[in-house]
Amino acid sequence: MPRPPRSSDASPPTVSPTDQAELARQWVDAAHRVVVLTGAGISTDSGIPDFRGPQGIWTRNPAAEKMSDIRYYLADPEVRKAAWQSRLHHPAWTARPNRGHQAIVALEKRGRLHGLITQNIDELHQIAGNSPDKVVEVHGTVRRVMCWQCGTRSPMEDALARVRAGETDPACTRCGGILKSDTISFGQNLVPEVIDKAFELSREADLMLAIGSTLSVYPAAGVVPQAKENGARIVILNAEPTAMDELADVVIHGAIGEFLPRICGLDDTD
Ligand code: NAD
């Protein structure tokens with residue numbers, strides 16, 4: 001089988017994204033342990049903006065990055081106040097899964113999905129119908145809060161109700177500590193068991209699909225070279241070039257909603 005062109009090849013590509021998607025579909029059909037890594041790009045069609053894409057939150061407003069940095073969040077009550085206001089209006093509350101999420105549900109129904117590692121915090125994979133035990137949320141979830149002091153976790157909705165009732169920076173009801181969404185901010189360590197699970201899955205994969213991520217946030221992005229080192233084929237689907245296009249066996253620069261359903265065998269009638 002001819003090797004599809006890579007972005008580094010000097011000659012112009014001779015294989016169209018549609019042909020590359022067809023090759024990826026055949027690999028999915030032949031694979032036994034497909035591991036999918038998803039980034040913010042899979043949820044943009046659901047109305048949740050990414051951070052670094054052309055319309056990304058940080059691309060349009062670099063100051064927004066402060067709310068995602070644990071050092072600013074803990075040190076500055078004004079940053080927390082702004083973060084709570086922004087959580088009140090988080091697009092995840094109204095977002096519905098899209099065809100990209102449904103494609104991965106189809107992959108699971110076909111018995112091909114070994115694991116789904118997501119950098120996303122919106123839980124749209126579970127809402128779409130993927131089994132929670134298949135989903136590894138390396139950056140946590142926005143649907144829970146966590147106390148920075150005592151570690152207690154509770155539903156985000158309860159904290160938001162307090163903000164709606166007038167509290168600007170609700171504290172932990174158990175210990176008075178600072179509450180934040182149960183997501184991994186910049187400057188914050190990942191949960192060791194969770195990232196370990198992601199790397200374990202990537203070592204077991206025979207095919208990895210990296211979908212809608214710039215593949216520039218570590219350690220999460222490291223699952224891609226890990227899978228490659230352990231013999232998996234790598235397929236990258238993203239609207240723009242990623243940091244890891246060089247090591248992929250197939251790179252598709254295109255829309256997730258167009259190509260992922262084909263790759264995963266989601267029927268147009270589904
Ligand atoms: P990113 O913002 O760095 O990159 C997203 C990539 O997806 C971009 O390259 C963009 O061009 C591409 N993209 C956007 N829409 C697409 C589409 N419809 N089809 C194809 N490609 C598309 O995302 P990241 O690498 O996942 O890193 C951002 C971090 O921020 C994540 O680790 C995550 O924790 C967090 N985040 C999560 C959400 C969410 O939960 N939905 C949203 C924003 C950011």
Side-chain angles (χ1 to χ4, degrees), residues 7 17 20-21 24 36-62 64-70 83 86-87 89-104 116-128 130 135-144 156 180-191 194-195 198 209-224 235-245 248 251-264:
S7 55
Q20 287 172 315
V36 182
L37 169 69
T38 59
I42 198 167
S43 292
T44 57
D45 283 349
S46 296
I48 304 179
D50 58 24
F51 283 164
R52 298 181 185 79
Q55 295 304 312
I57 292 171
W58 295 348
T59 313
R60 289 148 56 108
N61 175 17
E65 200 166 343
K66 273 192 177 182
M67 283 195 296
S68 303
D69 188 309
I70 192 67
S86 137
R87 284 176 196 135
H89 307 290
H90 198 288
W93 311 143
T94 50
R96 299 298 307 153
N98 63 58
R99 295 273 296 167
H101 298 103
Q102 285 156 7
I104 305 174
L116 171 49
I117 303 165
T118 186
Q119 301 180 86
N120 294 344
I121 56 171
D122 54 33
E123 293 194 25
L124 288 183
H125 290 303
Q126 296 93 318
I127 294 169
N130 280 118
V135 183
V136 179
E137 295 172 309
V138 287
H139 293 158
T141 170
V142 76
R143 293 178 196 267
R144 269 195 320 258
M156 171 63 79
K180 70 179 284 289
S181 65
D182 195 6
T183 54
I184 305 293
S185 302
F186 283 95
Q188 186 178 346
N189 290 332
L190 276 71
V191 178
V194 176
I195 191 69
L209 310 178
I211 311 297
S213 174
T214 52
L215 299 176
S216 60
V217 179
Y218 283 84
V223 299
V224 177
V235 173
I236 292 178
L237 167 57
N238 200 54
E240 55 184 346
T242 78
M244 293 192 188
D245 286 3
V251 177
I252 303 160
H253 290 150
I256 294 167
E258 179 180 355
F259 291 106
L260 196 57
R262 293 188 209 176
I263 293 170
C264 295

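Order of listing sets the numbers, starting from 1, for every ligand and every atom in it. Everything quoted here is computed from the prediction, not taken from an experiment.
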Between [X] and ligand 1, is there a nitrogen or oxygen pair with a distance under 3.5 Å?
{"X": "Ala255", "answer": "no"}
{"X": "Val217", "answer": "no"}
{"X": "Ala239", "answer": "yes"}
{"X": "Asp122", "answer": "yes"}
{"X": "Pro49", "answer": "no"}

Measure [X] to ligand 1 on non-hydrogen atoms and call it side chain, backbone, both or neither using the 4.0 Å cut-off.
{"X": "Thr44", "value": "side chain"}
{"X": "Ile48", "value": "side chain"}
{"X": "Ser43", "value": "side chain"}
{"X": "Asp45", "value": "side chain"}
{"X": "His139", "value": "side chain"}

With a cutoff of 4.0 Å, is Ala220 in contact with ligand 1, counting heavy atoms of the residue only?
no

Does ligand 1 have any atom that is closer than 4.0 Å to a heavy atom of Gly254?
yes

Could you tell me whether the side chains of [X] and [Y] share a donor-acceptor contact shorter than 3.5 Å?
{"X": "Thr242", "Y": "Thr214", "value": "no"}
{"X": "Asn98", "Y": "Ser46", "value": "yes"}
{"X": "Asp245", "Y": "His253", "value": "yes"}
{"X": "Thr118", "Y": "Glu137", "value": "no"}

Residue pair Gln188 / Lys180: nearest heavy atoms and the distance that separates them:
OE1-NZ, 3.1 Å

Check step by step if side-chain hydrogen bond (donor to acceptor under 3.5 Å, both in side chains) holds for His90 and Asp122.
CA-CA 10 Å; His90 198 288; Asp122 54 33; over 6 Å; no

Provide the number and element of each atom of ligand 1 under 4.0 Å from a heavy atom of Glu240.
8 (C), 9 (O), 10 (C), 11 (O)

Min over Leu37, Asp50, Asn98, Thr242 of heavy-atom distance to atom 14 (C) of ligand 1 lands on Asp50

